[in-house]
Amino acid sequence: MNLFDLTGKTALITGGTHGLGMAIANGLASVGAELIITGTTPKKMDAAITQYREKGYKATPYLFDVTDEEGAEKAVNVMLEKHGKIDILVNNAGIIARQMAVDMEVADFRKVIDVDLVGPFIMSKLVARDMIKRRSGKIINMCSMMSELGRDNVSAYAAAKGGLKMLTKNLATEWARYNIQVNGIGPGYFATSQTEPIRVDGNPFNEFIINRTPEGRWGEPDELAGTAIYLASGASNFVNGQVVYVDGGILATIGKPAGE
Ligand code: GCO
């Protein structure tokens with residue numbers, strides 16, 4: 001178990017107030033990590049911090065937008081002052097816009113790229129300065145199935161998540177020499193608020209995903225915790241620039257005819 005023990009480690013999870021970010025934060029805290037949680041919505045943050053603390057986890061809230069360079073820099077400086085170090089960064093905060101490309105406003109496309117790709121770049125740069133000094137660090141980027149495949153109406157999200165996969169590989173290239181491991185997690189289709197609109201019973205996409213996923217179901221958020229613990233711990237010290245897909249087998253197959 002020592003291989004996966006995060007006691008004494010400080011983990012920063014962006015967008016850790018709900019969904020996959022919260023599931024990952026709970027996982028890291030369950031093996032000893034102290035949590036730094038960022039978000040932009042005070043109400044969601046209060047509820048999330050209560051949830052962490054009710055489990056007995058140390059969790060500190062920081063309300064700021066990861067795309068705001070100045071605000072992010074100020075917040076990370078306060079974190080380093082208050083917590084002394086940031087061992088693990090999980091770039092999880094993200095948004096999605098579901099609209100066919102031909103109808104999507106450029107401003108909406110830019111917003112998704114800004115939050116889902118530029119935000120992780122800003123946060124990684126800010127946190128890496130301290131990690132480089134300490135010759136130690138773990139960065140985990142929340143990629144996606146859409147880092148590999150496209151589908152109707154998620155052009156901005158797929159472009160951002162494809163870019164985030166390559167940013168993961170490039171930061172690994174530049175920072176591995178400082179003993180920083182930069183990897184990604186690529187979730188398949190999970191039951192979260194982000195997928196609720198396409199998951200509700202009766203939505204044809206719901207049936208499609210269940211049929212297209214070899215495990216025949218949507219993933220549960222806490223099923224990401226093990227991979228996050230692995231990539232955040234000493235168990236992955238010689239793993240760099242990889243994206244681990246937690247997808248029920250969906251990327252392994254072209255699928256099968258409906259009804260089979
Ligand atoms: C969609 C979904 C996906 C999933 C996830 C898959 O609209 O297709 O929201 O984007 O959220 O990213 O990896």
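Atoms within a ligand are numbered from 1 in the order they appear, just like the ligands themselves. As a basis for the values below, the full set of heavy atoms in this structure was taken, side chains included, without hydrogen atoms, waters or symmetry mates. In this chain, residues are counted from 1 in sequence order. Bear in mind the structure is a predicted one, so any value in this text is a computation, not a measurement.
- Identified under the ring-ring contact (aromatic ring centres under 6.0 Å, His included) test for residues 188-214, with sequence neighbours left out: Tyr189-Phe205, Tyr189-Trp218, Phe205-Phe208.
- Within a 6.0 Å radius of CD in Gln194, more than 12 heavy atoms belonging to other residues, nucleotides or ligands are found.
- Residues of the protein with a heavy atom under 4.0 Å from ligand 1 are Ile96, Arg98, Ser144, Met145, Met146, Arg151, Val154, Tyr157, Pro187, Gly188, Tyr189, Gln194, Thr195, Ile198, listed by chain and number.
- Nearest heavy atom pair, residue Asp116 against residue Leu164, reads O-CD2, 3.9 Å.
- Scored by the salt bridge (Lys or Arg N to Asp or Glu O under 4.0 Å) test, Arg53 finds no partners at all (sequence neighbours excluded).
- Arg110 CZ: 12 or fewer foreign heavy atoms inside a 6.0 Å radius.
- In this structure Asn170 satisfies the side chain to side chain donor-acceptor pair (under 3.5 Å) test together with Glu174, sequence neighbours excluded.
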